[in-house]
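I have placed the structure first, in the form of structure tokens, so that the comments after it can refer back to it.
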Number of protein chains: 2
Amino acid sequence: MIKSEPRERSTRQRRAIRNVFETADRPLAPDEVLAAVQRSGAGGSLATVYRSIRAFIDEGYLTSVELPGTGAFYEIAGKTHHHHFSCLKCRRVYELEGCLPSETLRLPRGFRAVAHDLTVFGTCASCR
Amino acid sequence: MIKSEPRERSTRQRRAIRNVFETADRPLAPDEVLAAVQRSGAGGSLATVYRSIRAFIDEGYLTSVELPGTGAFYEIAGKTHHHHFSCLKCRRVYELEGCLPSETLRLPRGFRAVAHDLTVFGTCASCR
DNA sequence: TCCTTAGTGAGAATGAGATGTCAATAGCAA
DNA sequence: TTGCTATTGACATCTCATTCTCACTAAGGA
């Protein structure tokens, strides 16, 4: 007999975490999520943030964003293809519109590309 | 009185490690370096690899290559600007020639770029 | 309202990468 | 060749992000 998935509950913390991602216009690190949730008065702990993020990824609501040299960031899934800007001062990550022209890079013979990641590093507007 | 830097010694292991980077045409992870050094019969341990890499970076011979989702890779410093290809099967990293045209990505107002990283993911020629 | 159980919080545990410790080894200047 | 000391090797330890533990809380169906 197959056990059905337990139904997910709508708790204050998960609602708050969802809201944090909805209102943020950029990928967030787990500690940024925690700070935002706590600022909103919904309590929260790091374990809850990680658990919720994992649950949200499983259900397809979030995706993880891997960047060079840091831990993972998370953003709402299903956005159009885009790249990221990583501020060297405040460590925040922003979304960049658009993508490179597809044939910019030529690959060596026999190599096949299935994806690419472009990260621009610099200082963001609020860190000037 | 200023103590002068101790002069560096030319040991079998460091010569071997240097040689590994000279003959590799791609960035190497520490464990790849260790494997290559041991294959060459020069002995070696992971601690030595890390210490040597750090010394080489300090003297400007190597630079670290940060890639999304993995630990650091290292390559000989001072090469012309280039990007990387990360094989999803064998986990090896290769160099790609060339760079994107500088005006490909437009940044939001107030953002300033100082560097960028492009990583292409896929399968390499020897993993087809 | 009651009851089952998913979710929470605090802190401990984990794991992988990287670095430190220390006795033994081996460059290299004298 | 000798003596000084940088380097090595084996292994312990640290770091940091992430996950687990467990007692407690609170959704939400009955």
Side-chain angles (χ1 to χ4, degrees), chain A residues 3-20 27-59 61-75 86 91-93, chain B residues 3-20 27-59 61-75 86 91-93:
Chain A
K3 179 118 163 288
S4 65
E5 284 300 307
R7 48 242 153 278
E8 195 167 288
R9 291 178 185 177
S10 170
T11 65
R12 197 156 53 103
Q13 291 82 348
R14 294 217 173 167
R15 263 176 276 128
I17 291 172
R18 250 191 163 86
N19 188 54
V20 166
L28 299 172
D31 58 306
E32 289 183 297
V33 176
L34 176 61
V37 169
Q38 291 182 332
R39 230 181 291 120
S40 79
S45 72
L46 200 51
T48 298
V49 168
Y50 275 107
R51 274 187 296 237
S52 302
I53 285 175
R54 190 144 46 116
F56 288 157
I57 287 176
D58 286 349
E59 79 182 53
Y61 172 61
L62 293 180
T63 40
S64 72
V65 177
E66 307 277 349
L67 295 174
T70 54
F73 284 69
Y74 301 91
E75 65 183 7
S86 173
R91 302 267 126 202
R92 278 187 289 221
V93 173
Chain B
K3 180 119 164 288
S4 65
E5 285 298 309
R7 49 241 153 279
E8 194 166 289
R9 290 178 186 176
S10 170
T11 64
R12 197 154 53 101
Q13 291 82 350
R14 293 218 175 168
R15 262 178 277 124
I17 291 172
R18 226 179 252 273
N19 187 56
V20 166
L28 299 173
D31 59 306
E32 287 182 299
V33 176
L34 176 61
V37 169
Q38 291 182 331
R39 229 180 291 121
S40 79
S45 72
L46 199 51
T48 298
V49 168
Y50 275 110
R51 277 185 294 237
S52 303
I53 285 175
R54 191 146 43 116
F56 289 157
I57 288 177
D58 286 348
E59 78 181 53
Y61 171 63
L62 292 181
T63 40
S64 73
V65 177
E66 306 277 350
L67 295 174
T70 55
F73 284 70
Y74 301 91
E75 65 183 6
S86 174
R91 302 268 124 200
R92 277 187 290 223
V93 174

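Just so it is clear: chains get the letters A, B, ... in the order the sequence lines come, proteins before strands, and each one is counted from 1.
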To the nearest 0.5 Å, what is the distance between CD (E66(B)) and CG (L67(A))?
11.5 Å

Rounded to 10°, the angle between the first-five-pair and last-five-pair axes of the helix from dT1(C)-dA30(D) to dA30(C)-dT1(D) is 40°

Inter-residue atom distance Q38(B).CD - Q13(B).CD, 0.5 Å rounding
10.5 Å

Side chain to side chain contact (heavy atoms under 4.5 Å, CB included) involving A16(B) - partner list, sequence neighbours excluded
V37(B), S40(B), A42(B)

May I ask you to verify if any side-chain N or O of T48(A) is less than 4.0 angstrom from the OP1 or OP2 atom of dG9(C)?
yes

Let me spell it out: for each of G71(B) and G44(A), pick the nucleotide of DNA chain C with the closest heavy atom. Which residue's pick is nearer the 5' end?
G44(A)

Between T48(A) (side chain) and G44(A) (backbone), is there a donor-acceptor pair under 3.5 Å?
no

Tell me: CG of L34(A) to P of dT18(D), nearest whole Å?
13 Å

Which pairs, with at least one residue in residues 29-43 of chain A and sequence neighbours excluded, count as a salt bridge (charged side-chain N to carboxylate O under 4.0 Å, His left out)?
R26(A)-E32(A)

Measure the distance from CG on D58(B) to P on dA6(D) and round it to the nearest whole Å.
15 Å

Suppose we screen for salt bridge (charged side-chain N to carboxylate O under 4.0 Å, His left out). Which residues come up paired with E59(B), at least two apart in sequence or across chains?
R18(B)

Quick one: what's the B/S/- string for nucleotides 19-30 of chain C, heavy-atom cutoff under 4.0 Å, read 5' to 3'?
BBB----BBS--

Tell me every residue that passes salt bridge (charged side-chain N to carboxylate O under 4.0 Å, His left out) with E75(A), counting only those two or more places apart in sequence or in another chain.
none

Is there a side-chain contact between R54(A) and Y74(A), using heavy atoms and a 4.5 Å cut-off?
no

How do A42(A) and P30(B) order along DNA chain C: which one's closest nucleotide is nearer the 5' end?
A42(A)

